[in-house]
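Beneath this line is the structure, given in structure tokens, with notes to follow.
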Amino acid sequence: MATTDEEASKTYPEMITEAIEALNDKNGSNKSAISKYMESKYGELPPAHSSLLTAHLARMKESGELLLVKNNYIRPGPDAPPKRGRGRPPKSKPALPPVADLPSPRPRGRPPKPKDALAAAVAKATAGLPRPRGRPPKLARTAGSVTAAPAAAAAAAGGVVKRGRGRPPKVKPSLVTEAA
């Protein structure tokens with residue numbers, strides 16, 4: 001019954017919105033009423049009309065073009081809030097300063113290796129040379145030093161006493177001889 005080429009070339013979403021507007025029910029139009037209107041208006045529809053109609057109604061509902069209220073589809077009013085997806089809403093992005101003021105970001109990934117890897121490795125290895133191999137020797141003690149003497153000298157100077165490794169030696173009481 002499609003009389004003009006314009007009516008025959010309409011897409012499913014256009015036909016659905018036209019059917020809802022033509023039926024003009026305040027509670028909305030259900031799927032069977034929309035389908036009957038489309039069959040009477042456009043005549044020959046594809047054999048998979050019911051599944052196409054279901055898919056397009058679901059897509060229009062998800063995109064926010066239609067609202068589903070008690071199994072009836074209605075067009076949302078102009079003051080209706082925009083349809084929001086599931087989950088937490090995204091954070092609002094702060095206003096960015098002009099692009100010219102931003103420094104260029106570092107490139108992603110690992111920085112490239114130097115062109116002459118051998119020269120860089122040799123320079124790194126010889127940075128502190130000449131230096132003797134192995135563990136450095138211990139500092140020689142002076143002949144008159146006793147373990148308590150440096151600690152007493154540091155404490156008298158007001159510094160922090162640094163203790164050596166291991167258990168400290170047992171302090172022997174000094175022998176006091178009394179003269180009779």
Side-chain angles (χ1 to χ4, degrees), residues 1-136 160 162-163 165:
M1 297 211 192
T3 56
T4 64
D5 291 334
E6 185 179 306
E7 288 180 352
S9 65
K10 284 194 174 181
T11 62
Y12 259 84
E14 291 171 351
M15 291 191 284
I16 290 170
T17 54
E18 182 183 326
I20 291 173
E21 289 172 1
L23 293 170
N24 199 17
D25 190 3
K26 69 172 186 168
N27 295 330
S29 305
N30 59 15
K31 187 168 76 169
S32 62
I34 294 170
S35 177
K36 285 179 186 175
Y37 176 82
M38 289 170 66
E39 287 173 356
S40 68
K41 172 95 176 178
Y42 300 105
E44 295 181 20
L45 293 171
H49 166 68
S50 63
S51 60
L52 283 171
L53 179 64
T54 304
H56 281 282
L57 284 171
R59 189 175 304 137
M60 291 174 75
K61 182 181 74 168
E62 288 298 318
S63 68
E65 295 177 55
L66 295 178
L67 293 176
L68 181 64
V69 178
K70 296 183 182 177
N71 279 342
N72 290 332
Y73 293 93
I74 58 172
R75 293 191 46 113
D79 59 337
K83 173 116 173 56
R84 205 180 65 110
R86 292 180 59 189
R88 186 175 185 166
K91 290 184 178 178
S92 61
K93 296 183 179 178
L96 294 176
V99 178
D101 295 346
L102 292 176
S104 62
R106 289 187 342 196
R108 293 181 61 190
R110 190 176 186 149
K113 290 185 177 180
K115 298 292 182 192
D116 190 8
L118 183 61
V122 168
K124 184 177 179 184
T126 59
L129 290 181
R131 195 172 79 189
R133 295 179 58 196
R135 183 175 178 165
V160 178
K162 187 169 182 182
R163 297 181 355 187
R165 292 182 57 189

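The shown structure was predicted, so the numbers you read here are calculated from the model rather than taken from an experiment.
- In summary, of the residues considered (I74, I16, I34), a side chain to side chain contact (heavy atoms under 4.5 Å, CB included) with S29 occurs for I34 alone.
- If you take CZ on R75 and CG on L66, they are separated by 7.0 Å, rounding to the nearest 0.5 Å.
- By the 30° and 60° cut-offs, the orientation of the rings of Y12 relative to H56 is parallel.
- For the atom pair NZ (K70) and CG (N30), the distance works out to 14.0 Å, reported to the nearest 0.5 Å.
- P76 and G64 get closest at one heavy-atom pair: CG-O, 3.5 Å.
- Surrounding CG of N27 are more than 12 heavy atoms belonging to other residues, nucleotides or ligands, all under 6.0 Å away.
- Taken to the nearest 0.5 Å, the NZ atom of K36 stands 5.5 Å off from the OG atom of S32.
- Atom CG in L45 sits 6.0 Å away from atom CE in M15 (nearest 0.5 Å).
- Checked against T54 for a side chain to side chain contact (heavy atoms under 4.5 Å, CB included), the options K31, R59, H49 give a single hit: K31.
- If you take OH on Y73 and CE on M60, they are separated by 10.0 Å, rounding to the nearest 0.5 Å.
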